[in-house]
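Some notes on the structure that comes next.
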Amino acid sequence: MSSCSILLSVLFLLICLSWGRIHNIKIESDHREIIPLVNFGLTKNGFLDISMSSLLIGDTDSEATYGLAIECSRTLTASQYVENHINMCQTNSIVPFDKNPRILNMELIRPKEGAATFTPSHMNGAESLDIQAMKFIDFGNSSKTGGEIVSQGVIQVNHSKKNYSSHFQIQVGPKDEGQYTIYFYRCPDPHPSIKSRTVHFTFDAKIVAKNGHSYLSAGEKPYPFLYTAVGLVYFVMAWVWLKVMLHHSDNLFKIHYLMGALVFAKFLACILHAIDYYFTGSYGTPNEAWAVVWYIIHLVRGMLLFISLALIGMGFAFVKHVLSSNEKLVLMTVVPLQILANVAYIIIDSSEEADLNYGTWKKILIFVDLLCCGAIIFPVMWSIRHLQQATERSDNKTTLILSQLKLFRHFYIMVVVYIYITRIALQFMEVVLPFQYTWLRGFMDEITTICFFLITGWKFRPYVANPYYKIVDEDEEELEMEHVMVEHDTLRNRNFAESESDEE
């Protein structure tokens, strides 16, 4: 089986396991004290439908505390406050601050006699969600098709032989809009026996998050239109670049074809991303066929981007036609790293936050992506150093080399600014954005990329007056003249030696 078919099989399997905004979570033999289940921005009339089944609690863990923590905040980053700052098992661990989120603690009450319930309880130091303003619908023990509205948020839990299950829905009002994160937590026995050991638990959960008729989070609703519009911009850019290439066909290099392929791949990626969001928002699940194509184009686009930037930074075709060993090493490093980064992205995008390895793959993606960004800066620095040395040795081409050096310095600044904005600045921007405006991060990312592509294309466009083209021509002419002079000198010396041997 070829590597391409293996990649397609893996992509299709990951898509089949992904359920978009209909989250099917299966936890097996887990020991974490807190597990993030869902992160979703809810607006007015939005709801969370939570169905939990097969929660197995052993006899040795009868004194432990289980429950669901439902957190509401105004920003996407603050919604991770519970996971990063709060120990659910220590109620005094909350440190109040200006953006302290509101928390609804649904504790699983398991009396020795009587029915088990999910009962809202207050956490010391935390602001609680207004239970009276929220609508709780219990589907578990209700004979009604649409469930039964319950007061005070007390949800009945079915249990049989330490196996617990429940199904309920939470609807939010206009005052409860925000970024909601649901956690499952387990607090161990505060007075464990000496023989106690790590306890593993198992449960299945299906969580459906929806805003009105859309399965998209509040900050994702504009994405279908946004990526469609941006895709059309990339299409116009690809068409203009094609016209430029046809008009200056005598001055084309291979890098120009690669740059055109990059812009066209970016156009396809945006359109397919918009289609993916459309299916997810309409049906709650991505379309498998479109999603596989989107991931493939995303992989190709990422590789084309870094290869193009690396080759431009190396001065390939513009300044030289042969790469050095160090430059070849950079390319051989960037390509597999990009494949790894895209595989990590696909795994993150098609898996649930509750998965045990989700955080690990997220760290791998960030680290590898920054490593690729750093790798493409070195060739630009090498080219600048090479040109600086050339200006010291050359007398007749100083003006042209200085012009080229100036453009390479501009390109170095452009790459650094592009990496800083897309990899660092936008992360800080996401911290302060309200939950319903998180789409602005994607918008700014695409605007930055468009500006970077336009400036790079303008500086490296194929035309006769381009200083890169002139230098290449003159260098080639010098090489040809040197080759002719060497052959002439060699032939003259050979003839002179033969004449001397004849005289002897």
Side-chain angles (χ1 to χ4, degrees), residues 17-42 46-57 64-73 76-89 101-108 118 120-121 123 129 134 136 139-140 153 155 157 164-172 176 178-187 200-211 215-220 280 284-285 347-362 435:
L17 295 176
S18 173
W19 287 88
R21 298 306 180 269
I22 301 177
H23 304 268
N24 286 273
I25 303 167
K26 189 175 184 64
I27 302 297
E28 293 182 345
S29 300
D30 207 313
H31 63 276
R32 288 174 289 174
E33 290 189 358
I34 185 167
I35 302 176
L37 301 180
V38 172
N39 194 331
F40 193 85
L42 289 175
F47 67 84
L48 292 169
D49 189 279
I50 305 170
S51 177
M52 179 175 291
S53 61
S54 302
L55 173 58
L56 299 177
I57 302 176
T65 303
Y66 288 82
L68 295 172
I70 302 174
E71 174 194 17
C72 176
S73 62
L76 184 62
T77 304
S79 67
Q80 301 169 357
Y81 183 70
V82 166
E83 184 179 7
N84 297 325
H85 297 84
I86 296 177
N87 186 342
M88 294 296 299
C89 305
R102 295 174 294 164
I103 302 172
L104 175 62
N105 181 22
M106 301 287 289
E107 183 179 347
L108 177 59
F118 273 119
S121 62
M123 294 186 62
L129 285 166
M134 305 177 74
F136 291 82
F139 295 93
I155 306 298
V157 177
Y164 296 84
S165 62
S166 178
H167 183 196
F168 62 97
Q169 187 178 110
I170 300 177
Q171 298 181 4
V172 301
D176 297 312
Q179 190 73 23
Y180 279 76
T181 308
I182 302 177
Y183 300 92
F184 176 85
Y185 68 88
R186 171 192 172 274
C187 297
H200 296 82
F201 52 87
T202 300
F203 69 88
D204 296 334
K206 180 179 180 181
I207 302 178
V208 179
K210 196 172 182 181
N211 282 312
Y215 287 93
L216 293 179
S217 179
E220 297 175 336
T280 302
T285 60
I347 292 175
I348 292 171
D349 195 53
S350 58
S351 60
E352 299 289 350
E353 288 188 60
D355 292 348
L356 191 60
N357 296 323
Y358 182 87
T360 303
W361 281 108
K362 197 169 184 179
F435 74 99

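Every heavy atom of this structure was used, including side-chain atoms; hydrogens, water molecules and symmetry mates were not. If you read the sequence from its start, that first residue is 1, and numbering goes on from there.
Residues meeting the side-chain contact (heavy atoms from CB on, under 4.5 Å) test with Asn357, sequence neighbours left out: Trp361. Under the side-chain contact (heavy atoms from CB on, under 4.5 Å) criterion, Ser53 pairs with Ser165, Asp204, sequence neighbours left out. The ring-ring contact (aromatic ring centres under 6.0 Å, His included) test applied to Phe203 returns Phe184, not counting sequence neighbours. By the salt bridge (Lys or Arg N to Asp or Glu O under 4.0 Å) test, Asp49 is found to be paired with no residue, residues two or more places apart in sequence or in another chain being considered. Here Lys206 pairs with nothing under the side-chain hydrogen bond (donor to acceptor under 3.5 Å, both in side chains) rule; sequence neighbours left out. Listed by chain and residue number, nothing satisfies the salt bridge (Lys or Arg N to Asp or Glu O under 4.0 Å) test with Glu107 (two or more places apart in sequence, or in another chain). Judged as a side-chain contact (heavy atoms from CB on, under 4.5 Å), and not counting sequence neighbours, the contacts of Ser166 are Phe118, Ile155, Val157, Phe168. For the side-chain hydrogen bond (donor to acceptor under 3.5 Å, both in side chains) test, no residue two or more places apart in sequence or in another chain qualifies with Asp355. With sequence neighbours excluded, the residues satisfying ring-ring contact (aromatic ring centres under 6.0 Å, His included) with Tyr164 are His159.
Across every non-hydrogen atom of His167 and Ser51, the tightest pair is CD2-CB, 3.7 Å. Of all the heavy atoms in Cys72 and Gly178, the pair that sits closest is SG-CA, 3.9 Å. Asn24 and Glu352 get closest at one heavy-atom pair: N-OE2, 3.8 Å. Nearest heavy atom pair, residue Ser217 against residue Gly41, reads OG-N, 2.7 Å. Between Phe435 and Ala218 the shortest heavy-atom distance is CE1-CB, 3.7 Å.
Taking CE of Met134 as the start and CD of Gln169 as the end, the distance is 11.0 Å to the nearest 0.5 Å. In this structure, Thr65 OG1 and Glu33 CD are separated by 11.0 Å, a value rounded to the nearest 0.5 Å. Rounded to the nearest 0.5 angstrom, Ile103 CD1 and Ser73 OG are separated by 10.0 Å. Atom CZ of Arg102 is separated from atom CD1 of Ile70 by 12.5 Å, given to the nearest 0.5 angstrom.
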Please lay out, stage by stage, how Arg186 and Asp30 fare under the test salt bridge (charged side-chain N to carboxylate O under 4.0 Å, His left out).
-> CA-CA 11 Å; Arg186 171 192 172 274; Asp30 207 313; over 6 Å; no
Test log, rule side chain to side chain contact (heavy atoms under 4.5 Å, CB included), inputs Leu108 and Leu55 | CA-CA 11 Å; Leu108 177 59; Leu55 173 58; 4.0 Å; yes
Stepwise side chain to side chain contact (heavy atoms under 4.5 Å, CB included) test for Arg32 and Ile27 = CA-CA 10 Å; Arg32 288 174 289 174; Ile27 302 297; 4.3 Å; yes
Going through the distances and angles, do Leu48 and Tyr180 end up as a side chain to side chain contact (heavy atoms under 4.5 Å, CB included)?
-> CA-CA 9 Å; Leu48 292 169; Tyr180 279 76; 4.2 Å; yes
Apply side-chain hydrogen bond (donor to acceptor under 3.5 Å, both in side chains) to Asn39 and Gln179, showing your working.
-> CA-CA 7 Å; Asn39 194 331; Gln179 190 73 23; 2.6 Å; yes
Between Tyr215 and Ile22, is a side chain to side chain contact (heavy atoms under 4.5 Å, CB included) present by the stated rule, with each step listed?
-> CA-CA 8 Å; Tyr215 287 93; Ile22 301 177; 4.2 Å; yes
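You'll find the side chain of Phe47 stays beyond 4.5 Å of the side chain of Ile170, heavy atoms only. Contact check for Ile50 versus Phe139: no side-chain heavy atoms found under the 4.5 Å cut-off. With contacts defined as side-chain heavy-atom distances shorter than 4.5 Å, the pair Met52/Leu68 qualifies. Within the 4.5 Å cutoff, side-chain heavy atoms of Tyr183 are placed close to those of Glu71. In this structure the side chain of Thr181 never reaches within 4.5 angstrom of the side chain of Val38, judged on heavy atoms.
A donor-acceptor pair under 3.5 Å links the side-chain atoms of Asn211 to the main chain of Leu216, judged by distance alone.
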